[in-house]
Amino acid sequence: MVSLTADMSPLHPDRNLALELVRATEAASIRAVPFIGRGRKEDADGAAVDAMRAFFTTVNFDGTIVIGEGEKDDAPMLFNGERVGNGRGPRCDVAVDPIDGTSLTAAGRNNALSVIAVSEHGTMLDASSVFYMDKLVTGPAGVGVVDIRLPIGENIRLLAKALGKPVDEIVVSVLHRPRHEQLIEEIREAGAGTRLMSDGDVAGGINAARHNARTDMCVGIGGSPEGIVTACAIKALGGHIQGRLWPRDDDETQKGIDAGLKVDDHVYEADDLVQGSNTIFVATGVTDGQLVAGVRREGGYVYTESVVLRGASGTLRRISSEHLTSKWL
């Protein structure tokens with residue numbers, strides 16, 4: 001019999017760490033509030049980064065950022081390789097996105113999140129040298145059924161059969177980008193519907209893996225950091241995720257090879273993206289979305305909604321909080 005407390009060693013991420021990290025995503029989301037719908041995505045991101053980093057100093061863990069703001073965002077803080085936490089507690093790999101969806105935040109559109117993912121030290125793939133990844137995400141019904149190497153139409157038919165519903169009831173999330181025009185056409189030709197996302201493919205992937213969401217599959221090319229973050233959540237949901245790195249040019253291909261990554265159409269499975277099941281994913285809504293509600297201000301209070309997913313226990317918890325506005329904004 002497997003002990004329910006087997007993952008609670010002080011050497012490994014545990015449930016207390018999961019709940020502590022929510023304070024950091026809450027802080028980042030709240031600090032972004034003055035910039036929602038103001039067209040200033042850099043200011044929103046900067047405020048969220050400052051808040052998240054400040055809260056990290058109070059958390060009992062010894063984290064190394066594997067996926068941070070990084071080179072893509074020219075970030076001075078929460079960069080790849082930075083140590084976070086107070087140094088006491090478990091050693092962890094950390095992935096952060098203070099705002100997944102800065103453009104969504106700036107425009108006041110749905111599905112912007114503040115996100116942190118954590119796994120045991122040395123278990124998280126560092127794909128930072130190649131910025132983009134082709135991904136396929138489904139819920140548990142897709143495990144051992146769909147495969148990113150198959151044509152999208154075949155994957156849709158296989159998933160529909162596994163779910164026990166007609167193909168025309170399948171809904172597939174895709175980032176709305178010119179590079180996906182052919183993919184979108186093929187999804188519709190197969191008889192499925194599309195949910196086109198302007199940004200925020202972490203939420204898109206997680207929603208596709210949840211049993212009670214309105215989408216069944218998330219596909220297409222998005223950020224490789226977002227793929228690793230999503231994998232941490234999928235571990236808790238029992239879903240399916242695969243990814244193939246998508247270098248933009250020969251220079252990026254060489255950077256990936258030099259970093260030890262497989263960029264020759266290699267398929268990364270869930271355990272290649274994040275090893276083991278001891279993962280933590282926390283997210284707080286910045287703007288409203290299917291996964292969580294966005295930050296809401298009423299009178300002297302600020303309201304937040306967060307989710308906490310733990311791979312070790314396979315649980316998803318929702319946390320609704322109210323904060324005194326005078327302490328925050």
Are [X] and [Y] in one and the same hydrophobic cluster, where Ile, Leu, Val, Met, Phe, Trp and Tyr link if side-chain heavy atoms are under 4.5 Å apart?
{"X": "Leu291", "Y": "Leu104", "value": "no"}
{"X": "Ile67", "Y": "Leu17", "value": "no"}
{"X": "Met124", "Y": "Leu309", "value": "yes"}
{"X": "Leu183", "Y": "Ile148", "value": "yes"}
{"X": "Ile241", "Y": "Leu175", "value": "no"}

Atom pair [atom1] ([X]) and [atom2] ([Y]), whose distance is rounded to the nearest 0.5 Å:
{"X": "Arg297", "Y": "Ile30", "atom1": "CZ", "atom2": "CD1", "value": "10.5 Å"}
{"X": "Thr138", "Y": "Ile156", "atom1": "OG1", "atom2": "CD1", "value": "12.0 Å"}
{"X": "Leu273", "Y": "Ile228", "atom1": "CG", "atom2": "CD1", "value": "4.5 Å"}

Are [X] and [Y] side-chain neighbours, meaning at least one heavy-atom pair lies under 4.5 Å?
{"X": "Ile206", "Y": "Val307", "value": "no"}
{"X": "Lys135", "Y": "Thr230", "value": "no"}
{"X": "Val229", "Y": "Asp97", "value": "no"}
{"X": "Tyr268", "Y": "Leu261", "value": "yes"}
{"X": "Val84", "Y": "Arg53", "value": "no"}
{"X": "Phe281", "Y": "Lys235", "value": "no"}

Main-chain N/O of [Y] paired to [X] side chain as donor or acceptor, under 3.5 Å:
{"X": "Thr253", "Y": "Pro247", "value": "no"}
{"X": "Asp93", "Y": "Gly122", "value": "yes"}
{"X": "Asn207", "Y": "Ala203", "value": "yes"}
{"X": "Asn110", "Y": "Gly289", "value": "no"}
{"X": "Glu82", "Y": "Phe79", "value": "yes"}
{"X": "Glu305", "Y": "Ala293", "value": "yes"}
{"X": "Ser224", "Y": "Phe131", "value": "yes"}
{"X": "Thr25", "Y": "Val22", "value": "yes"}
{"X": "Asn278", "Y": "Ala312", "value": "no"}
{"X": "Thr287", "Y": "Ala112", "value": "yes"}

Between [X] and [Y], a side-chain donor and acceptor under 3.5 Å:
{"X": "Thr64", "Y": "His121", "result": "no"}
{"X": "Gln254", "Y": "Asp258", "result": "yes"}
{"X": "Arg188", "Y": "Thr194", "result": "yes"}
{"X": "Asn60", "Y": "Asn86", "result": "yes"}

*Which is it for His180 and His176 under the side-chain contact (heavy atoms from CB on, under 4.5 Å) test, yes or no, and what are the steps along the way?*
CA-CA 7 Å; His180 289 149; His176 196 191; over 6 Å; no

*asked:* Walk me through whether Val115 and Glu226 qualify under side-chain contact (heavy atoms from CB on, under 4.5 Å).
replied: CA-CA 10 Å; Val115 174; Glu226 287 83 353; over 6 Å; no

So does [X] pair up with [Y], basic N to acidic O under 4.0 Å?
{"X": "Asp216", "Y": "Lys165", "answer": "yes"}
{"X": "Glu269", "Y": "Arg149", "answer": "yes"}
{"X": "Asp199", "Y": "Arg177", "answer": "yes"}

*Applying side-chain contact (heavy atoms from CB on, under 4.5 Å) between Ile170 and each of Thr215, Asn155, Leu163, report the one that passes.*
Leu163

*Please work out which of the three classes, parallel, tilted or perpendicular, describes the rings of Phe61 and Phe56, given edges at 30° and 60°.*
tilted

*Indicate the ring-plane relationship of Tyr301 and Tyr303, choosing parallel, tilted or perpendicular according to the 30° and 60° boundaries.*
tilted

Kindly check if the number of other-residue, nucleotide or ligand heavy atoms within 6.0 Å of [atom1] ([X]) is above 12?
{"X": "Asp249", "atom1": "CG", "value": "yes"}
{"X": "Arg318", "atom1": "CZ", "value": "yes"}
{"X": "Arg317", "atom1": "CZ", "value": "no"}

*Report the C-alpha separation of Gln242 and Asp147 in whole Å, then their side-chain angles, then the decisive distance to 0.1 Å, and conclude whether the side-chain contact (heavy atoms from CB on, under 4.5 Å) test is met.*
CA-CA 8 Å; Gln242 292 173 304; Asp147 193 296; 3.6 Å; yes

